[in-house]
Each structure stands twice: as structure tokens, then as C-alpha cells.
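Protein chains get the first letters and strands the later ones, always in sequence-line order, with residue 1 at the start of each. All values reported here derive from a predicted model rather than from experimental measurement.
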Amino acid sequence: MNDGKTYFGAELLKWYRKERRDLPWRRSRNPYHIWVSEIMLQQTRVDTVIPYFNRFVDRFPTVGDLAEAPEEDVLKHWEGLGYYSRARNLQAAAREVAELYEGRVPRVKKEVSGLKGVGPYTAGAILSIAYDQPEPAVDGNVMRVLSRYFCLDADISKPATRVDMESLAASLIPEGQAADFNQALMELGALICTPKSPSCGGCPVAEPCLARLAGREKELPVKTKAKKARDVYRFAALIEGVGPHAGKVLVRRRPDTGLLAKMWELPHIEAADAAAWEDLAEGGRGLEAALAEDGIVAKATERSAFDAQHVFTHLVWHIKVLPARAAEELFVADRTGYEWVGPEQFELYSWPNVFRKLLTEYFVDRAKEKDE
DNA sequence: AAGCCGGGGTC
DNA sequence: GACCCAGGCTT
């Protein structure tokens with residue numbers, strides 16, 4: 001009676017066992033490694049994750065190592081990967097696993113799902129891939145593949161659709177083959193059944209694919225469009241130190257929660273709107289006043305201001321960077337969270353991409369000036 | 001249900 | 001530019 005579903009699973013497994021990519025986290029069944037990889041892979045491509053994964057498990061080989069590590073160390077190993085709450089949640093969960101489960105990743109669904117940063121997808125991925133339990137692991141790939149194969153018009157941006165897909169995916173798992181089947185489904189989505197132009201010619205289950213038969217494979221899945229990012233206008237101060245802080249730049253640490261939590265940045269303020277942003281650029285007096293409120297006395301220098309931009313998922317930062325020099329009396333950044341950083345200390349801090357690029361360029365330029 | 005949370009590849 | 005990616009958390 002389930003001929004269709006049996007066919008789907010059998011063909012997919014056959015294809016996967018021939019075509020599967022050799023990925024670092026596929027070289028063992030170490031549940032901790034699989035867990036780390038699944039967290040890193042959330043909203044992140046395989047090619048991006050590989051070097052991060054290798055560095056991470058090299059530095060934190062076991063759950064215990066991760067649990068005991070300083071948080072800054074963990075954040076540093078996540079630098080540039082994005083969605084930094086993943087790193088903080090992962091470590092919090094590792095501490096939980098160390099204390100409650102003797103350092104072993106639990107194999108009970110309720111326990112795995114209870115770990116910070118582990119949602120329905122990741123719980124299913126860990127239970128199936130590490131422990132071969134017949135749990136679905138439905139991500140964007142899987143929803144795309146199933147939408148097409150069964151020609152489903154349900155909007156995959158709706159949570160209810162994911163729930164339905166989980167029932168469907170669970171019903172497709174071949175007996176005792178959850179690990180390979182779930183990975184096969186995602187592998188097909190990543191390599192063959194791609195978003196824009198699927199390679200149906202190389203698909204092992206193209207023949208009965210209902211979307212393909214209906215000529216609708218490029219229309220599916222249905223997904224409501226995301227709202228476009230909001231513009232935010234900011235001024236950042238690139239303050240050179242003087243005296244004992246010559247050659248260094250004043251930076252500060254971001255708050256413990258929210259956007260880029262606990263990462264380091266250039267001090268900056270937000271402009272009311274685009275117009276105010278353009279106005280304030282003249283001379284940078286508004287910025288000097290704002291910094292003074294934070295106990296920082298600095299004057300704009302002869303170096304000209306320049307623009308930087310950074311795109312996030314839900315907002316766009318437009319930043320005017322104003323070069324400045326610290327007043328003589330400001331030899332120490334006595335406000336908590338502020339520090340002087342030069343090229344030698346740079347790598348000891350965790351930087352979001354936008355400030356990493358900006359500061360790297362700055363230090364390179366200063367080094368060139370010195371050589372001349 | 002909608003918004004928040006990064007960064008990069010691709011078309 | 002728009003879309004997407006081995007999603008989850010908060011409100």
C-alpha cells in the first residue's frame with residue numbers, strides 16, 4: 001500500500017550512498033560533533049561551516065572542554081559565522097549536558113529538545129543522525145524537496161506547514177535508516193533539488209515527482225516574501241590614542257544581549273534619520289558631544305570621514321566613520337567596556353565582520369604610512 | 001504570527 | 001538588487 005513511499009526512500013538511499021559528500025562531521029558518529037555541526041549549519045552553507053567546524057572541535061574536542069572554556073574563547077571561534085547567540089546557547093547547553101548528563105549528549109527526545117538552541121529541526125537531526133532514531137529533521141531543503149515531489153502548495157514560511165511536513169517526512173523514513181535517509185533528503189535539496197533551477201536530470205526520484213510532471217518544479221515551494229531591511233544611520237568614531245596609547249584605537253564591547261551581543265565595535269551613535277545623518281557629517285560635532293557624554297574627549301582630525309555599510313537580515317547600517325584623536329588627558333579608557341586596541345591586540349578580540357574589515361584596513365594604512 | 005538575529009553565495 | 005541558506009528565540 002505504501003509503494004510510493006517505499007520507492008522514494010529506497011531510491012533516495014541508493015543515490016545518497018553513491019553521491020554523499022565527504023564532510024568532516026560525517027567521518028564519525030560522535031554525537032557532540034554532529035550537534036556542533038547542526039548548530040553551525042543553521043542558516044549557513046556547508047562550505048562556510050567546514051573550516052569553522054574543524055577549528056572548533058580541535059579547540060573544544062569534547063562537551064566538557066566546551067563547557068569549561070571561557071565564553072570569549074567560544075565567541076572568538078564563532079567570529080564571522082554570524083548569529084552569535086548560537087555560540088552562547090551552544091556553550092550554555094554544553095554546560096547543561098556536562099552537569100545533567102555526565103557530558104553525554106542525551107538520546108531522549110524531550111531532553112535533547114530542552115537544550116538551548118536546539119529546536120525541532122536540530123533535535124530531529126541529532127536523534128536521527130547520531131542515534132538513528134526515526135525522527136524527522138525538516139529544514140528548508142526538506143520542505144523544498146517534499147513540496148515538489150508531492151506538489152504541495154502550502155506556504156513553507158508558515159510554522160504550521162513545517163509541522164505537517166514533519167509528519168510526512170516521518171512517514172517516509174525507511175525502517176532502521178533514519179540517519180542516512182534524513183541526510184539524503186537534505187543532500188538532494190542541496191545538490192539537485194536546488195531553489196532556482198533544479199537539476200531534474202540527475203534526480204533519482206524525478207520520474208514520479210508530481211511538480212515536475214505538472215511542469216511546476218520552478219514554482220514550488222510557495223514562500224511568502226520577507227520584508228525588506230530597515231535602514232539605520234550611524235556615526236562611528238575612529239579615535240587614535242596619544243601618549244601611551246599611540247598607534248591604538250578606542251573600541252568598546254557591545255551589550256550582553258541583542259544584536260552582535262558581546263562583540264567589539266567602534267564607539268558610535270545613531271542619527272535620527274538620513275537627513276540628520278548627512279547634516280551631522282560636517283565636522284562631526286554631534287559625535288564629539290555624544291562621546292563626551294560617555295566620558296570620552298576627542299577631536300575630529302584632518303583625516304576625512306568615509307562611509308561604510310553593513311547589511312543584516314532585518315536592517316542595514318549606514319555608517320559614517322569620523323577619524324578623531326583622543327584629547328591628551330584621555331590616556332586610559334576608564335569607562336567599562338572601552339579599551340585601546342592596536343594591531344598586536346586585535347586578534348584577541350571578537351569582531352563582527354563590518355568592524356573587522358574597517359579596523360584591518362585602518363591598521364594596514366597606518367603601517368604603510370610608517371614605512372614611507 | 002511577526003520580529004529579531006549575520007554573513008556570504010548566487011542568480 | 002533579491003533570494004536563499006542543515007533555524008531558534010522572543011514577544
### Query
Does any residue of residues 253-270 of chain A have a heavy atom under 4.0 Å from DNA chain C, and if so, which ones, in number order?
none
### Spacing between Y16(A) atom OH and dA6(C) atom P, to the nearest angstrom
14 Å
### Query
Of all nucleotides in DNA chain B with an atom under 4.0 Å from a non-hydrogen atom of chain A, which is the first and which the last going 5' to 3'?
dA1(B) to dG8(B)
### Message
Restricting to ring-ring contact (aromatic ring centres under 6.0 Å, His included), what partner residues turn up for Y349(A), sequence neighbours left out?
### Response
W264(A), W351(A)
### Task
Hey, which sits more toward the 5' end of DNA chain B by its nearest nucleotide, H314(A) or P159(A)?
P159(A)
## Note on the structure
Contacts of V118(A) and I129(A) projected onto DNA chain C by closest heavy atom; the upstream (5') one is I129(A)
### Query
Just checking W25(A): base, sugar-phosphate only, or nothing, at a heavy-atom cut-off of under 4.0 Å?
base
### Query
Is there a donor in the side chain of R107(A) and an acceptor in the side chain of Y131(A), or the other way round, less than 3.5 Å apart?
no
#### Entry: Straight-line distance of W317(A) CH2 to E270(A) CD, nearest 0.5 Å
9.5 Å
### Salt bridge flag under 4.0 Å for residues E187(A) and R20(A)
no
#### Entry: Inter-nucleotide P distance (dT10(B), dA6(C)), Å rounded
12 Å
### Message
Applying salt bridge (Lys or Arg N to Asp or Glu O under 4.0 Å) as the test, list every pair that has at least one member in residues 38-63 of chain A; sequence neighbours left out.
### Response
R59(A)-D73(A)
### Query
Please, which pairs that meet salt bridge (Lys or Arg N to Asp or Glu O under 4.0 Å) have at least one residue in residues 112-129 of chain A, sequence neighbours excluded?
none
### Task
Would you mind reading off the distance between R144(A) atom CZ and dC5(C) atom C1', rounded to a whole angstrom?
9 Å
#### Entry: Gap in Å between the two C1' atoms, one belonging to dG7(B) and one to dT10(C), rounded
22 Å
### Task
Whole angstrom is fine here: how far is it from CE in M186(A) over to C1' in dC4(C)?
17 Å
Side-chain polar contacts of residues 227-238 of chain A - donor-acceptor pairs under 3.5 angstrom, sequence neighbours left out - could you list them?
residue : atom : partner : partner atom : Å
D231(A) : OD1  : H318(A) : NE2          : 2.8
R234(A) : NH1  : H268(A) : NE2          : 3.2

### Task
For R356(A), check salt bridge (Lys or Arg N to Asp or Glu O under 4.0 Å) against everything at least two apart and list the hits.
E79(A), E347(A)
## Note on the structure
Note: contacts of residues 27-47 of chain A with DNA chain C (heavy atom, under 4.0 Å) are E38(A), L41(A), Q42(A), Q43(A), R45(A), V46(A)
### Message
Counting the atoms with a prime plus P, OP1 and OP2 as sugar-phosphate, which does T313(A) contact under 4.0 Å by heavy atoms, base, sugar-phosphate, or nothing?
### Response
base
### Query
Should D155(A) and K223(A) count as an ion pair when the cut-off is N to O under 4.0 Å?
no
### Message
F56(A): which residues meet the ring-ring contact (aromatic ring centres under 6.0 Å, His included) condition with it, sequence neighbours left out?
### Response
F60(A), W78(A)
### Query
Between Y52(A) and H77(A), is any pair of side-chain heavy atoms under 4.5 Å apart?
no
### Query
If each of K158(A) and H310(A) is mapped to the nucleotide of DNA chain B with the nearest heavy atom, which maps nearer the 5' terminus, i.e. the 5' end?
K158(A)
### Query
Would E240(A) and R303(A) pass as an ion pair if we require N to O under 4.0 Å?
yes
### Summary
K116(A) NZ to dC9(C) P, in whole Å, measures 10 Å
### Query
To the nearest angstrom, how far is K225(A) atom NZ from dA2(C) atom C1'?
9 Å
### Task
Mind calculating the distance between NZ (K227(A)) and P (dA2(C)) to the nearest angstrom?
16 Å
### Set of residues satisfying ring-ring contact (aromatic ring centres under 6.0 Å, His included) with respect to Y16(A), sequence neighbours excluded
none
### Task
Ignoring hydrogens and angles, state whether a donor on the side chain of S350(A) or E72(A) is under 3.5 Å from an acceptor on the partner side chain.
no
#### Entry: Results of salt bridge (Lys or Arg N to Asp or Glu O under 4.0 Å) for K109(A) - residues two or more places apart only
E135(A)
### Query
Expressed as a whole number of Å, how far does the P atom of dG8(B) sit from that of dC9(C)?
24 Å
### Task
Whole angstrom is fine here: how far is it from CZ in R162(A) over to C1' in dC9(C)?
13 Å
### Task
Can you tell me the distance, in whole Å, between the NZ atom of K223(A) and the P atom of dA2(C)?
15 Å
### Query
When the P atoms of dG3(B) and dC3(C) are considered, how many whole Å apart are they?
16 Å
## Note on the structure
Note: contacts of residues 79-94 of chain A with DNA chain B (heavy atom, under 4.0 Å) are G80(A), L81(A), G82(A), Y83(A), Y84(A)
